[in-house]
Amino acid sequence: MTSKDTAQSTKTSKKSPSRRSGKNGINESKKKMSSLSSFQPMLNFTKPIVASTSAPARLDFSSKSTTKDEVDRKAMPPPLPGFLPKSRLSLSASTRQVKASSSDSGGPSSTVFHSVKTSSNSHSIKSKKVIEILDDDEDEINGKIPKARPSKISLIHAIWADRFVPSTAIELAPGKARIAKVKNWLSEALYGYPADVVLPPAGMSNQSKERIRKYKRILLLTGPAGAGKTTTIKVLARELGVELVEWGDSMDEYSVGLGTADSPDRESNATRITNFLLRDCFVPLDQNTSKPRILFMSSLPNLTHLPTREAFHSALATFCKTFTLDSCPLVIVHSEAGSGGRAEESWMDREGGGREGAVSVVGKEVLGSPYCQGIDFIPLAPTFITKALSRVLDQAIPDVKQRPPHSAVQLIALSANGDLRSAINSLQMLCGQTTRLTGNKRKRKNGDIGSGSSRTGRGSRGGKGARIDVSDDLRAVLDIVAKRENSLNLFHSLGKVFYNKRLSDPRIDEEDQEVVATVRALAVDDPLPSHLEQYQRSKSLVQMENFLPTISVDASTFTLWLHQSLPSFCTDIDQVAEAYDDLCRADMMRTDDDIWQSSPQAIAYALHIVVRGCLLALPSPVPRRNNQKVIKPQWFDAYRSERENSGQINLTWASLAKRAIKSSSIASDTSLHETWSESTAWGGIQTRSVLATETIPMMLKLEKLHNRPLLPPNAQNLSLPPYTTFIRTQSLDERDTNEETEEPSFKEEVMRNWEEDEEEEETSWLKDDEIEDWD
Amino acid sequence: MSLWVDKYRPRTLDDLHYHTELSSRLRSLSASGDFPHILFYGPSGAGKKTRIMCTLRELYGPGVEKLRIDQRVFVTPSGRKLDVNVVQSNYHIELTPSDVGMYDRVVIQDILKEIAQTQQVDLNAKQRFKVVIVNEADALTRDAQAALRRTMEKYMTNMRLILCATSTSKIIAPIRSRCLLVRVAAPDNGEMTKVLQHVAKKERFHLPDTACQSITSASGGNLRKALLVFEAMRMQRPDLQGDIEVAKPDWETYCAKVADSILQEQTAQRLLDVRGKLYELLSHCIPPTVVLKTISERIVDKVDDTLKPQIIHWAAYYELRMRMGSKKIYHLEAFVAKVMSVYKASMMGMLEDFDMTM
């Protein structure tokens, strides 16, 4: 076996034998072990090199120059500039000594590798190559790697979102209040008192600290992707000096379900989680070296699989209840869908395609219990994103001149939809793009073909004021970069419909001249017959063939946006009625049940009907008024609360049914006629609509009159708010006139939905005397 | 504490206050030993469920009231899982498959198969078969109804079906022909008065005729609603004297106010205000068709006779579209806009010009 191994290594490595003789002692012993233990894999895999982790295998692997580069860096810190092979050799020799003395299990393979190099002089050409590669990277290494994460090897090639993770809490993007809340929680959970108190309050006994810690078991961070949940936790943990123990989701997909007896070596997902929670929830025995620990879960198990979910929930429930002095808290990070404002997501929500609400993440019992606290992260406001982007830019491109203009950054922030990660990605792409773009231009202008310095992004182009003024080519680049949910494009296309520009308009804007020319060039329409005269319109500047592809959201979302703001652009109710009629017609083409199945043609037709219907119905020209605002459809909020309420109705149903069943079974036990009057007869399952329209509203009414609880406390939300009569608010109009009606202003209107900063909630922490034991 | 509507719900066929002939027929059916599949149909609040439970009690005795509630999980062919609340005793099982929308077929098939394949274990049971109660049978999809039809024949020995529906029109003919159709008509005013007086007597107070009349007229043949309203009114004014306001559910008054505001002003701005109210109603799970109906009824009450047919026409028109479409708000609002436009036209005396052909 040993001889075979050696033969293989000689064949693949093609290195001089003298190298191996240098480290023969270590190698031989290692080989023996590995060949015994990895016998099975070697039979299964065609390449024994990959399967076995023995020293010769690693040696072969690293003989290719690129991978060697990586292994090199793994073994030692980035080299200094002007690094020479010679000094390199001495350094690696010293590392070998260090490594040899330590008993680290990962050590031997890399040590072996270096020892190989020291002993081989014929290898110098290859190592020179390696050094060249390193030299290329060198300036980047010096300039950019943040001190916080120097250990990552692949940082150079990582995306900016990973490379420029904030290292201090001040740099974090989410609102300060929210971060303070998380920080206090962590501190309370670990030490029993909030973080903003420097020393533990004087009168605080150990016992009361314990009591606080007892109820700080699970922190659930929810919010849309890219809101900074994970980063917040990681940075705060570092600041507090806490070790994060992360649940790794590296499982094989096939072993879901509860582990069976015949495959004991393969832990199932569910048991692994249980074990993770139970085993790791204690501080390791070695008290001296260890920092306090926090369990951290960002990738959750497959919660759509019922047994897994049940196991997970029960594991969490036990986790909550088992508290000792040594246990550590758990932080769960969960990205929620549906806050992105896309209509289709509502559908996906309903189908529950892996996107779960907070309830299904931790389970109803745990979420309702005082052990669990949820902190909801909201989409980041554009100002926050701009700030974070500038920070990243500071780190990424040290030269101020080479940075893209500030206006471009603002534009990215606006179009990121509250997702910082995607904003940073866009920024990175933009910087790559501007490089190429401006580089090309230079070539054309100066004929300066051989120029290696390609980074000449023009910083001076962006204007300053409130209005974001970006040159056309930059805007074009941005379009490509931030295409995803480009709200700018959305507003642009909405505006095209709402302003309903036609050839007959008395005033034609400068920017439209080109379009006007093309539309003029089209053939003249025949006049409509007299009975259709009411539909006669002048030619529209919106040419459908060109217009439809520019819509940056899907058809039904676009329709929702149109629907939301259309009335304010109409002068008469008849126009609204006409336009809505077409919205209805289009809506019928996409029924609720087969929104996915309905053919793409139908969707296209529906969009045509909607846009053409609106254009036909809108007055021409559309008068410009101050209250014409394009705002985010209310539909999303209404939909969300409808879902919540229907959940409440289900819960109410269950509690009513339980009560009725309880009393009716008592009656059936005694089966005496007299007791009947005290018990409730089972009236059968009430349908949801009966509950919503008859039973619950009347019960709420009765509750108010009686002062006796009829419904579970949660059902109180189901009462309608009092009807407020419409007052033509003067204040509303005043506010309108104050606002500039230029294009960006209605964007800001949308952004208002995102809280700018959350100063509202006073961050109160749990006081000792507030705690009641809960069971 | 329980509501009167539950407290005074009759438990046996003998306790029922009206449709006595129907009660005696059900009694003789239960005694015959040859119990058929039955389809109960009638408007909401007429007493279908009460009669079903009474019949079951007649069939199996008081043991049928020993209920338990389960949450069953069904898995669709596509792997999605559905939670369905199921109420059952040893002798029967009650479910509402339409809760799960288009996946109701899976629920129907699984439950029926399960019931049909298990024999009656209780040797003392009066009947050899179990009963499956299917609520909202008229909301079942065609697929589910077809599945139902097949199992009805196949498992007749072990199982009987009791379907409950508001009308037979949406139930496929093969099922209708396999069931005994039992119509439970809404109680008329006299019958309702009888029930209300019975409750008043049990609660030991006097119910004046005027109050009784206002309750019966407000509840439109829905006894459940009548009893709920009755209880609320009794709480408001224990003596129930004089003309007192009928306690309606909040959303009904809300709808009425929305209707009034539509007639007040017909502008785009008003439409936007109304939209907010509509969203409010929808987000409280009031079915959009009910909202449309309530608003249009209120408007019809208020407008001139010449406009009434038009309002009804547009209500029907958008109701149909709403059923076919997916986003209910479009259709509700389109109705509101249309009504505003029609009303405005008539106000301006331009009715002659309006296209009456529609």
Side-chain angles (χ1 to χ4, degrees), chain A residues 306 351 563 567-568 570 573-574 576-577 580-581 583-584 587-588 590-593 595 634-635 638 641-642 645-646 649 654 657-658 660-661 663-665 667-668 671 676 680-685 687-690 692-695 697-699 701-702 705-706 708 710 718-721 723 726, chain B residues 1-2 6-7 9 11 44 49-50 52-53 62-63 65-67 69 73 81 85 87 94 96 102 135-136 224-225 228 231-232 235-236 247 249-251 254 257 261 266-268 271-273 279-280 282-287 290 321 324-327 329-331 333-334 337-338 340-341 344:
Chain A
L306 189 70
E351 295 292 292
H563 166 255
S568 54
C570 292
I573 194 71
D574 297 342
V576 187
Y580 277 5
D581 201 44
L583 287 191
C584 291
D587 184 54
M588 288 196 302
R590 310 192 68 189
T591 53
D592 217 6
D593 289 339
I595 197 161
Q634 287 165 280
W635 186 84
S641 59
E642 188 185 337
N645 284 336
S646 76
I649 287 181
K658 267 177 202 149
I661 282 168
S663 75
S664 90
S665 22
S668 72
S671 74
W676 283 14
T680 317
W682 172 244
I685 294 179
T687 62
R688 213 171 289 176
S689 68
V690 167
T693 57
E694 289 177 30
T695 316
M698 289 312 284
M699 286 177 92
K701 226 174 190 155
L702 280 171
L705 297 166
H706 269 250
R708 58 173 196 192
L710 288 168
L718 291 170
S719 60
L720 272 171
Y723 186 90
F726 319 119
Chain B
M1 276 300 202
S2 53
D6 293 324
K7 201 168 166 188
R9 190 189 298 279
R11 301 190 108 113
S44 179
K49 281 294 184 46
T50 308
I52 291 173
M53 294 314 291
E65 287 186 323
K66 211 166 189 161
L67 295 163
I69 182 167
V73 178
K81 58 162 202 48
N85 283 314
V87 171
E94 181 179 358
T96 313
M102 59 178 177
N135 285 318
E136 290 191 311
R224 171 178 45 237
K225 193 174 168 190
L228 285 166
E231 192 173 353
M235 289 301 142
Q236 271 171 345
D250 284 343
W251 63 267
Y254 206 88
K257 283 177 182 161
S261 72
Q266 294 82 37
T267 58
L271 182 71
L272 286 175
D273 297 334
Y279 270 133
E280 198 66 66
L282 290 186
S283 65
H284 282 83
C285 300
I286 311 295
V290 174
R321 292 188 149 202
M324 291 161 78
S326 64
K327 300 233 166 43
I329 189 73
Y330 291 164
H331 308 275
E333 247 187 277
K338 190 57 107 182
M340 280 182 172
S341 146
K344 193 178 175 190

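Proteins get letters first, then strands, A, B, ... in listed order; numbering begins at 1 in each.
Here B:Val87 is the residue among B:Ile286, B:Asp250, B:Val87, B:Thr50 with the most heavy-atom pairs under 4.5 Å with chain A. Considering only heavy-atom pairs separated by less than 4.5 Å from chain A, the leading option among B:Val290, B:Leu271, B:Ile52 is B:Leu271. Your options are A:Thr693, A:Asn645, A:Leu583, A:Asp574, and the one with the most heavy-atom pairs under 4.5 Å with chain B is A:Thr693. Ranked by heavy-atom pairs under 4.5 Å with chain A, the first of B:Met235, B:Glu136, B:Glu94, B:Lys225 is B:Glu94. Per-residue counts of heavy-atom pairs under 4.5 Å with chain B were compared for A:Ala654, A:Ser568, A:Pro697; the largest is that of A:Pro697.
Looking at A:Ser641 and B:Glu280, their side chains never come closer than 4.5 Å, going by heavy atoms from C-beta outward.
Note that the CD atom of B:Gln266 and the OG atom of B:Ser341 stand 9.5 Å from one another [nearest 0.5 Å].
Closest of all the heavy-atom pairs between B:Ala268 and A:Val576 is CB-CG2, 4.2 Å.
Using a distance-only test at 3.5 Å, with no hydrogens or angles considered, a donor-acceptor pair links the side chain of A:Asp587 to the main chain of B:Lys327. Judged by distance alone, the side chain of A:Tyr580 and the main-chain N or O of A:His563 form a donor-acceptor pair under 3.5 Å.
Proximity to chain A is limited to the side chain of B:Met53, based on heavy atoms less than 4.5 angstrom apart. In this structure, chain A has a heavy atom under 4.5 Å from the side chain of B:Asn135, while its backbone stays farther away. For chain A, the nearby part of B:Leu272 is the side chain; its heavy atoms alone come within less than 4.5 Å. Using a 4.5 Å cut-off between heavy atoms, B:Lys344 contacts chain A through its side chain alone, with no backbone atom that close.
Under the side chain to side chain contact (heavy atoms under 4.5 Å, CB included) criterion, B:Arg321 pairs with A:Asp581, A:Cys584, A:Arg585, A:Met588, B:Tyr317, B:Tyr318, B:His331, not counting sequence neighbours. Among residues two or more places apart in sequence or in another chain, the side chain to side chain contact (heavy atoms under 4.5 Å, CB included) test is passed with B:Ser44 by A:Val690, A:Glu694, B:Asn222, B:Arg224.
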